[in-house]
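Chain identifiers are assigned alphabetically (A, B, ...) following the order of the sequence lines, protein sequences preceding nucleic acid strands; residue numbering begins at 1 within each chain.
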Number of protein chains: 2
Amino acid sequence: MSRYLIKKYKALEPYIPGEQPQDMRYVKLNTNESPFPPSPAVVKALSAAEVKKLRLYSDPEARALTRAIADYYGISEAQVLCGNGSDEILAFIYTAFSDKENGMIYPEISYGFYPVFSALIGEPPCSVPLKEDYTVDVDEYLGRGKHVVIANPNAPTGICLSLTDIERLAEKNAGRLVIVDEAYIDFGGESAIPLLKKYENLIVVQTFSKSRSLAGARLGFCAASEEIIADLKKIKYSFNPYNVNRLTALAGKAAIEDTEYFGKCVAEIIRVREFTVEELKKLGFTVLPSKANFIFAGHADKDGKRLYEELKARGVLVRYFDKERLRGFVRITIGSKKDMKTLIQTVKEGMDNPR
Amino acid sequence: MSRYLIKKYKALEPYIPGEQPQDMRYVKLNTNESPFPPSPAVVKALSAAEVKKLRLYSDPEARALTRAIADYYGISEAQVLCGNGSDEILAFIYTAFSDKENGMIYPEISYGFYPVFSALIGEPPCSVPLKEDYTVDVDEYLGRGKHVVIANPNAPTGICLSLTDIERLAEKNAGRLVIVDEAYIDFGGESAIPLLKKYENLIVVQTFSKSRSLAGARLGFCAASEEIIADLKKIKYSFNPYNVNRLTALAGKAAIEDTEYFGKCVAEIIRVREFTVEELKKLGFTVLPSKANFIFAGHADKDGKRLYEELKARGVLVRYFDKERLRGFVRITIGSKKDMKTLIQTVKEGMDNPR
């Protein structure tokens, strides 16, 4: 730490991303990436001619991309803001709408970034425990006088709320924002974007990192009322106006327009997820009901850390969380069918050869 | 504006980027882009195989790129932080080190973003007028008890301080930070990076947008003491851990390693700048002494707005600033020799056919 860091950040504990080994020697099932490459239309869009145009700035409004997203969801362009990953979008939302007097409330077990953003803003962290069965207790978020942040499906559980529940959150929190982080919505959940027509206090956040195979391109967006988007643009233009680069904007547009490829990839991931769940259950695992591209699985005979270590030693990387109520589990990304067969095989080997 | 925007941002006036017309019908000399495409090594690095890998997250540490930058400048990797453009780097710097009690001081005429960052942070804006000849009055920045931000060369004047002046700023502001924004340093100035050995209060910010032809890739970095970089990483990991995308990291590495191409492009831009200055002076223009890839030029017969409009009507886009002491000038990016001949020709036409 330097002598210059301002006081309020001295105790700040930043987010710790999952391991990103730079060699390729692991079956990498730890950061919820897609096993499929981006759409062939993306590869085509990022031509040498476009690379040469990198000498020019990107469009700060990312208009072509924004239009494609708006068209896809049947909303207006002024209801969409794109960012350098959904993390940046969430950071803009926290900056614009949250302070000591206007805090956020979120599940105690959820995306690890929510409390970090709270700490950055300087608002007191405020989380609500999950129910015994790891579901979100919607009643606990009604009329608390705070903005609500819900990952739907939730992470790392994979459990999804119904649209009726999301609607209840919006309706019973009039005058407060309800931010629905739909990073994993395409794998079986139902997006709240159609509810924007009815609720002006709703913000839906999505990412191109998972279902659209563009984690490395850094692209996220949010959809909300035009007024909310205008506020967020004010922050963006005061922080980083050219936040979406040229190639990412092209990649995102090509990806969202290729609905056929998207549909095929998502369907396959869901199929492989169900296969994996079934196989793990056969091996005596408890698996929470997931609508995401990952599953949260635990075994009575060994804790999550042990599972994580055994798998890593055998070349399969999953994610383990050293946190209360999570220590019994590992989070396993759904990779290709081949990857998941390797996982199952590796788990079996670990069972047969206890250390 | 929505009802949710927190109070302190209600009066926030964001930065307004230069026009980015999406058609290509202008000779575009308004946003200081390079007339040259990125290095051929960049085009080669962004292969279809790399585009397919976009399904994977980028390295949050951007290690290969960071190493290449550190090697280029002969400093350690722990002294470098890369960002999504130097705007993001500046935003992290303001966030980490500045608040009401630790304000920034900068020239009244400089990069328009500095007061915007101040407003975002909530510190009172504090700027110092330029001297009569549009140079920075270094004495005015010594021992003021504030962090100092200096664009060197300055924008939109193009005037550069000597390394001796920068050293004076660092020496006479012990205990306060001196942030040198070297966006345009490669066009004739001398970088302050070697001074890092001597001054722990120095931060040097650079961008790949200008001299390395990567404006559309969004890549900037700063170099400073390891302690300062550690503080900035704390902010980055609390705001946007994966801020540099995969392709940009590859592009940046390829660009900084191709020193030959870089040298050729920069030399040509300097040559064309000197040609343009000479031609404009022949036409009776006043041109401030520029060490940047742009010049700031004015004519006694017409103000900047009129020049801007006349040129735009004839297909040449330059930048005009509606601000005291700047209204007599336009800022003209140095494009290709052909572009600049078109500019000169267009200026002449405007002179010969006054409206």
**Asked** Given B:K52 and A:V43, is the side-chain contact (heavy atoms from CB on, under 4.5 Å) satisfied, shown in steps?
**Response** CA-CA 7 Å; B:K52 284 179 191 162; A:V43 182; 4.0 Å; yes
**Request:** Could you tell me which portion of B:E101 (side chain, backbone, both or neither) has an atom closer than 4.5 angstrom to a non-hydrogen atom of chain A?
**Result:** neither
**Message:** Using 0.5 Å steps for rounding, measure from the CZ atom of B:R3 to the CD1 atom of A:I228.
**Reply:** 9.5 Å
**Asked** Under 30°, 30 to 60°, or over 60°: which ring-plane class applies to A:F239 and B:F239, parallel, tilted or perpendicular?
**Response** parallel
**B:A11 to A:K234 - nearest heavy-atom pair and separation** = N-NZ, 4.3 Å
**Prompt:** Relative to chain A, which of B:V116, B:I6, B:D87 shows the most heavy atom pairs under 4.5 Å?
**Reply:** B:I6
**Request:** Just give me the residue among B:N201, B:L54, B:V51 that pairs up with chain A most often, heavy atom to heavy atom, under 4.5 Å.
**Result:** B:L54
**Asked** Which value, rounded to the nearest 0.5 Å, describes the distance between A:Y237 atom OH and B:I16 atom CD1?
**Response** 10.5 Å
**Asked** Looking only at heavy atoms, what is the nearest atom pair of A:I235 and B:Y9, with distance?
**Response** CD1-CD1, 3.8 Å
**Prompt:** Can you list every pair that meets side-chain hydrogen bond (donor to acceptor under 3.5 Å, both in side chains) and has a residue in residues 34-48 of chain B, with sequence neighbours left out?
**Reply:** B:S34-B:S213, B:S39-B:D258
**Prompt:** Looking at B:T31 and A:Y57, what are the two nearest heavy atoms and their distance?
**Reply:** O-CE1, 3.3 Å
**Prompt:** Of the listed residues (A:P40, A:A64, A:G175, A:A91), which shares the most heavy-atom pairs with chain B below a 4.5 Å separation?
**Reply:** A:G175
**Prompt:** Checking A:E50 against chain B: side chain, backbone, both or neither under 4.5 Å from a heavy atom?
**Reply:** neither
**Message:** At a heavy-atom distance under 4.5 Å, which candidate from B:E227, B:E200, B:R55 has the highest pair count against chain A?
**Reply:** B:R55
**Message:** Taking side chain as everything from C-beta outward and backbone as N, CA, C, O, which of these in B:R176 sits under 4.5 Å from a heavy atom of chain A? Side chain, backbone, both or neither.
**Reply:** backbone
**Prompt:** Does some side-chain heavy atom of A:Y4 sit less than 4.5 Å from a side-chain heavy atom of B:N102?
**Reply:** no
**Asked** Can you tell me how far CZ of B:F97 sits from OG of A:S2, rounded to the nearest 0.5 angstrom?
**Response** 4.5 Å
**Prompt:** Counting heavy-atom pairs under 4.5 Å to chain A, which of B:A251, B:S209, B:A230, B:P38 comes out on top?
**Reply:** B:P38
**Request:** To the nearest 0.5 Å, tell me how far A:L5 CG sits from B:T95 OG1.
**Result:** 11.0 Å
**Asked** So which part of B:K10 gets closer than 4.5 Å to some heavy atom of chain A, the side chain, the backbone, both or neither?
**Response** backbone
**Request:** Tell me, out of B:L247, B:L214, B:L177, who's got the most heavy-atom pairs with chain A below 4.5 Å.
**Result:** B:L177
**Prompt:** Taking every heavy-atom pair that is under 4.5 Å apart, which of B:Y242, B:Y15, B:F36 has the most such pairs with chain A?
**Reply:** B:Y242
**Asked** Can you say whether A:N84 sits under 4.5 Å from chain B via the side chain, the backbone, both, or neither, judging by heavy atoms?
**Response** both
**Request:** Measure the CG-OG distance between B:L120 and A:S238 for me, rounded to the nearest 0.5 Å.
**Result:** 5.5 Å
**Item:** Separation of A:E88 CD from B:E88 CD (nearest 0.5 Å)
**Value:** 6.5 Å
**Fill in**
If one checks every heavy atom of A:N243 against chain B at 4.5 Å, the contacting part turns out to be both
**Fill in**
For A:N245 and B:A217 the tightest heavy-atom approach is CB-O, 3.6 Å
**Fill in**
Heavy-atom closest pair (B:F113 atom, A:N240 atom, distance to 0.1 Å) is CZ-N, 4.3 Å
**Complete:** Whatever's closer than 4.5 Å to a heavy atom in chain A on B:Y94 counts as neither
